[in-house]
Colleague: 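Below is the structure I would like to discuss, written out as structure tokens.
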Number of protein chains: 2
Amino acid sequence: MAIAKTEAFSKKEQDLAAFAKALAHPARVAILKVLAGKDECVCGQIVEVLPLAQSTVSQHLTALKAAGLINGTIDGPRSCYCINWKAFEKFKHEFNSLFDNLQVKDQQRCC
Amino acid sequence: MAIAKTEAFSKKEQDLAAFAKALAHPARVAILKVLAGKDECVCGQIVEVLPLAQSTVSQHLTALKAAGLINGTIDGPRSCYCINWKAFEKFKHEFNSLFDNLQVKDQQRCC
DNA sequence: CTAATTCATCGTAAAAGTACGATGAAGTTC
DNA sequence: GAACTTCATCGTACTTTTACGATGAATTAG
């Protein structure tokens, strides 16, 4: 991409983009769905459910963790992940606050 | 990426991921913000606001349009874009419906 | 008709993302 | 300690994204 110019934008824009980026792959959406469906943290069962290799799933989990969407703890020989609800709440808030200044205008001039 | 396996996931997961992908760059978030702030559709003024070349902005606009987040019409020698509110409503719904089956469980077993 | 504008598209280059198998670390079990 | 399980990381390959300048199409202005 010839140098990503992310630093030229505001922090809010960067944060929202980073969150969206974490959701920008169906595998990661599917992982979050699985984690959300279980009442206790899951680890390698995710691999069984997804049509991806173990190493690829691990990469996606790392990406989600890096984005702060999930938490992970080591449980003996296995890794345990669960959803970070606070992060989702924060995203919801950011998402809404970014666009709520326009719900006012119902009139469309063009388009 | 060695063949994207998006087709192996459900349509809902793909849709949500596609929407997120469109938001997954600060420039596109900034564009949406600009479009949201104006009560009439803007075109090339976006280029003036963003720290990017005209061709790059045009690419981002094309991406947003392809994702269905904005509408575009040709207005003489210039192009006019505006936000597709229905798409955002749909996304909000998909986003919430994907994760609302877990607001139930407040107890965290681990993590 | 000519010149100037607005913008999309093309070509190109470099970075980032996605995927897999292989390897190895850490822990458990016997 | 030996064998096994579970998972992260490494190396690699290929695709996609991002970015820019250059070019050209379409419209307007003179």
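Remember, it's a predicted structure, so these values are computed and weren't measured experimentally. Here is how names work: the chains are called A, B, and so on, in the same order as the sequence lines, proteins then strands, and each is numbered from 1.
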Colleague: Looking only at the side chain of His25(A) (C-beta and beyond, no hydrogens), which of the listed nucleotides dC7(D), dC7(C), dA19(C) gets closest?
Modeller: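 The answer is dA19(C), which lies nearest to the side chain.
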Colleague: Just by distance, do the side chain of Gln14(A) and the backbone of Lys12(A) share a donor-acceptor pair under 3.5 Å?
Modeller: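 No; judged by distance alone, with no hydrogens or angles, the pair does not exist.
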Colleague: Can you tell me which nucleotide in dC7(C), dG21(C), dT9(C) comes closest to the side chain of Thr62(B)?
Modeller: dT9(C)
Colleague: What are the residues of residues 63-70 of chain B, sorted by number, that bring a heavy atom to within less than 4.0 Å of DNA chain D?
Modeller: none
Colleague: Does the plane of the ring in Phe19(A) sit parallel, tilted or perpendicular to the ring in Phe88(A)? Use 30° and 60° as the thresholds.
Modeller: perpendicular
Colleague: Return the 5'-most residue of the pair Arg28(A), Gln54(A) with respect to DNA chain C, ranking by each residue's nearest nucleotide.
Modeller: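 Final value for this comparison: Arg28(A).
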Colleague: OP1 or OP2 of dT6(C) less than 4.0 angstrom from a side-chain nitrogen or oxygen of Tyr81(B), does that happen here?
Modeller: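 No, no such contact exists.
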Colleague: How would you list, by chain and number, every residue that makes a side chain to side chain contact (heavy atoms under 4.5 Å, CB included) with Ala30(A), sequence neighbours excluded?
Modeller: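 Residues passing side chain to side chain contact (heavy atoms under 4.5 Å, CB included) with Ala30(A): Leu50(A), Phe9(B), Glu13(B).
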Colleague: What nucleotide, of dA19(C), dC20(D), dT9(C), holds the atom closest to the side chain of Thr56(B)?
Modeller: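 It is dC20(D).
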Colleague: Among residues at least two apart in sequence or on other chains, which ones pass side chain to side chain contact (heavy atoms under 4.5 Å, CB included) with Ala63(B)?
Modeller: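 Counting only residues at least two positions away or on another chain, Ala63(B) forms a side chain to side chain contact (heavy atoms under 4.5 Å, CB included) with Arg28(B).
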Colleague: Taking only residues two or more places apart in sequence, or in another chain, which ones meet Ala24(B) in a side chain to side chain contact (heavy atoms under 4.5 Å, CB included)?
Modeller: Ala20(A), Lys21(A), Ala24(A)
Colleague: Rounding to an integer number of Å, can you tell me how far Ile31(A) CD1 sits from dA19(C) P?
Modeller: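 So the CD1-P distance, Ile31(A) to dA19(C), works out to 10 Å.
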Colleague: If you pin Ala24(A) and Val47(B) to their nearest nucleotides in DNA chain C, which one's is more 5'?
Modeller: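 Closest to the 5' end, via its nearest nucleotide, is Val47(B).
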Colleague: Only pairs at least two apart or in different chains count here, so list each side chain to side chain donor-acceptor pair (under 3.5 Å) that has a residue in residues 47-57 of chain B.
Modeller: none
Colleague: Within the structure shown, what part of the strands sits under 4.0 Å from Ser55(B) by heavy-atom distance: base, sugar-phosphate, or nothing?
Modeller: base
Colleague: How many Å lie between CG on Leu23(A) and P on dT18(C), as a whole number?
Modeller: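 After rounding, the gap between these two atoms is 12 Å.
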Colleague: The criterion is side chain to side chain contact (heavy atoms under 4.5 Å, CB included); which residues satisfy it with Ala17(A), sequence neighbours excluded?
Modeller: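 Counting only residues at least two positions away or on another chain, Ala17(A) forms a side chain to side chain contact (heavy atoms under 4.5 Å, CB included) with Pro26(B), Val29(B).
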Colleague: Can you tell me how far CG of Leu23(B) sits from CG of Leu23(A), rounded to the nearest 0.5 angstrom?
Modeller: 9.5 Å
Colleague: Classify every nucleotide of nucleotides 25-30 of chain D by which part a protein heavy atom approaches to under 4.0 Å, writing B for the base, S for the sugar-phosphate alone and - for neither, in 5'-to-3' order.
Modeller: --SS--
Colleague: Looking only at the side chain of Leu52(A) (C-beta and beyond, no hydrogens), which of the listed nucleotides dT9(C), dC20(C), dG21(D) gets closest?
Modeller: dC20(C)
Colleague: Among all residues two or more places apart in sequence or in another chain, which pass the side chain to side chain donor-acceptor pair (under 3.5 Å) test with Lys11(A)?
Modeller: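 Residues passing side chain to side chain donor-acceptor pair (under 3.5 Å) with Lys11(A): Asp15(A).
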Colleague: From dT18(C), dA16(C), dG21(D), pick the nucleotide closest to the side chain of His60(A)?
Modeller: dT18(C)
Colleague: Establish whether the base of dA8(C) is bridged to the side chain of Gln59(B) by a donor-acceptor pair shorter than 3.5 Å.
Modeller: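 No, the side chain and the base share no sub-3.5 Å donor-acceptor pair.
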Colleague: Any side-chain N or O of Lys21(B) less than 4.0 Å from the OP1 or OP2 oxygen of dT16(D)?
Modeller: no
